[in-house]
Amino acid sequence: MLRNFLISGLLAALLGPGAARLRAQTHSFSTLPVLHLSGGEQTVDGVAARIEDDILTESEVRELAGYQQLVDGKAKPRADLLRELEDQWIVRGEAKTAKFPEPSAEDQQRAYTEFVKQFASPEDFQRKCAAAGLTETSVRRTVTEQLYLSRFIDYRFRPAAQVDDAQVQTFYQNEFAPQLKARGQPVPSLDEVQDTIREVLVQRAISARAEKWLDDTRAHLKIDIVAAGSGS
């Protein structure tokens with residue numbers, strides 16, 4: 001999820017909120033979340049992976065899978081889910097160290113409202129949430145996380161993501177205009193779209209730098225994956 005977000009989802013700032021799919025939340029070993037089951041029974045959430053002195057829980061894996069189903073119609077394999085959660089752990093840890101501010105309540109509500117608008121109707125959204133095993137609370141949590149992490153990635157890597165006029169023109173000539181022509185659509189002048197193209201290229205540069213940073217950081221972390229059904 002985060003890795004795909006870094007490759008393409010960072011364009012969400014330009015193209016809309018649907019592409020960003022983030023979930024990042026860490027728990028200490030002494031504060032494993034408790035799941036409340038029917039009949040008053042309680043069970044401690046399982047451990048999906050250990051990363052440094054924190055964990056990723058099975059409920060996080062399920063929630064991420066449900067969110068992917070909601071957005072894409074299907075979830076990725078467990079190994080991919082865990083890798084994306086690990087990437088999110090890295091980003092959130094760095095953001096917290098930098099004391100990067102959380103989104104305001106107004107920004108959180110705005111992001112959630114825009115996310116829901118992607119669906120045919122509020123009823124359609126509720127039906128798909130139920131089918132994915134998600135609640136409004138869990139969706140709000142994920143949307144808020146993706147907003148927070150995307151803002152931090154932008155804050156950290158945008159200053160170095162410089163794009164010159166020649167790059168804008170090359171993109172216009174080699175990618176933008178040919179794609180529109182192939183679809184039989186009119187091609188606006190470069191002057192009309194140069195600011196939009198520049199932002200797309202900036203986002204690509206941010207994505208590439210962030211992905212390299214994640215790979216470099218991951219190489220120095222201790223990560224142990226727990227087999228499904230055996231985490232505790």
Side-chain angles (χ1 to χ4, degrees), residues 1-10 12 20-36 42-68 71 75-103 108 133-134 137-161 206-232:
M1 192 165 67
L2 178 60
R3 190 159 297 271
N4 287 342
F5 172 81
L6 292 173
I7 294 171
S8 61
L10 278 167
R21 306 178 186 97
L22 295 177
R23 172 80 171 94
Q25 198 171 29
T26 60
H27 305 277
S28 69
F29 289 112
S30 61
T31 57
L32 284 170
V34 174
L35 303 180
H36 296 271
Q42 296 183 347
T43 183
V44 175
D45 194 357
V47 177
R50 295 181 174 87
I51 178 168
E52 293 295 316
D53 60 349
D54 280 330
I55 64 168
L56 301 175
T57 66
E58 289 292 346
S59 62
E60 290 181 289
V61 177
R62 290 192 297 271
E63 190 169 296
L64 174 52
Y67 191 74
Q68 289 183 353
V71 175
K76 294 180 180 177
R78 178 181 174 83
D80 292 341
L81 294 171
L82 286 170
R83 186 173 181 86
E84 289 169 3
L85 287 170
E86 291 157 10
D87 285 346
Q88 294 163 29
W89 184 94
I90 294 170
V91 178
R92 171 159 278 279
E94 186 75 9
K96 290 299 184 182
T97 298
K99 294 181 169 47
F100 191 72
E102 298 278 354
Q108 292 180 38
L134 298 173
T137 298
S138 64
V139 174
R140 283 182 178 274
R141 180 167 55 239
T142 303
V143 170
T144 296
E145 282 296 302
Q146 69 185 24
L147 179 63
Y148 178 68
L149 298 182
S150 64
R151 284 181 171 180
F152 176 73
I153 289 291
D154 191 88
Y155 160 82
R156 170 155 185 168
F157 296 104
R158 180 177 286 270
I206 291 172
S207 177
R209 289 176 178 274
E211 185 178 9
K212 183 180 185 306
W213 167 65
L214 279 172
D215 288 340
D216 291 345
T217 302
R218 172 185 291 277
H220 296 91
L221 293 176
K222 180 181 179 182
I223 301 175
D224 296 316
I225 304 300
V226 178
S230 63
S232 62

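The model shown is predicted, which means the values in this text are computed figures rather than measured ones. Excluded from the calculations below are hydrogen atoms, water molecules and symmetry mates; all remaining heavy atoms, backbone and side chain alike, are included.
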Does Arg218 count as lying over the ring of Trp89, i.e. NZ or CZ under 6.0 Å from the six-ring centre, within 45 degrees of the axis?
no
Tyr148 six-ring face occupied by Lys96 cation (under 6.0 Å, within 45°):
yes
May I ask you to decide if the ring planes of Phe100 and Phe152 are parallel, tilted or perpendicular, using 30° and 60° as cut-offs?
perpendicular
Could you check if a side-chain atom of Leu85 sits within less than 4.5 angstrom of a side-chain atom of Ile51, using non-hydrogen atoms only?
no
Is there a side-chain contact between Val143 and Leu147 (heavy atoms, below 4.5 Å)?
no
What do the steps show when you test Arg156 against Arg209 for side-chain contact (heavy atoms from CB on, under 4.5 Å), and what is the final call?
CA-CA 10 Å; Arg156 170 155 185 168; Arg209 289 176 178 274; over 6 Å; no
From [X] atom [atom1] to [Y] atom [atom2], the distance as rounded to the nearest 0.5 Å:
| X | Y | atom1 | atom2 | value |
| --- | --- | --- | --- | --- |
| Arg141 | Leu134 | CZ | CG | 9.5 Å |
| Asp87 | Arg92 | CG | CZ | 14.5 Å |
| Ile223 | Leu56 | CD1 | CG | 8.5 Å |
| Leu81 | Arg62 | CG | CZ | 12.0 Å |
| Arg158 | Ile206 | CZ | CD1 | 4.5 Å |

Side-chain (Glu94) to main-chain (Val91) donor-acceptor, under 3.5 angstrom:
no
Test salt bridge (Lys or Arg N to Asp or Glu O under 4.0 Å) applied to Glu145 and Arg151, step by step
CA-CA 10 Å; Glu145 282 296 302; Arg151 284 181 171 180; over 6 Å; no
To check you understand the geometry: which heavy-atom pair defines the closest contact between [X] and [Y], and what is its length?
| X | Y | value |
| --- | --- | --- |
| Glu52 | Leu221 | OE2-CA, 3.3 Å |
| Glu63 | Ser138 | OE1-CB, 3.6 Å |
| Ala75 | Ala65 | CB-O, 3.4 Å |
| Pro159 | Asp154 | CD-O, 4.2 Å |
| Thr144 | Gln108 | OG1-OE1, 3.4 Å |

If we count only N and O atoms by modelled type, under 3.5 Å, do the side chains of Gln146 and Tyr67 hold a donor and an acceptor together?
yes
Using 4.0 Å as the upper bound for N to carboxylate O, is an ion pair formed by Arg78 and Glu58?
yes
Quick one: salt bridge (Lys or Arg N to Asp or Glu O under 4.0 Å) partners of Asp216, sequence neighbours excluded?
Lys212
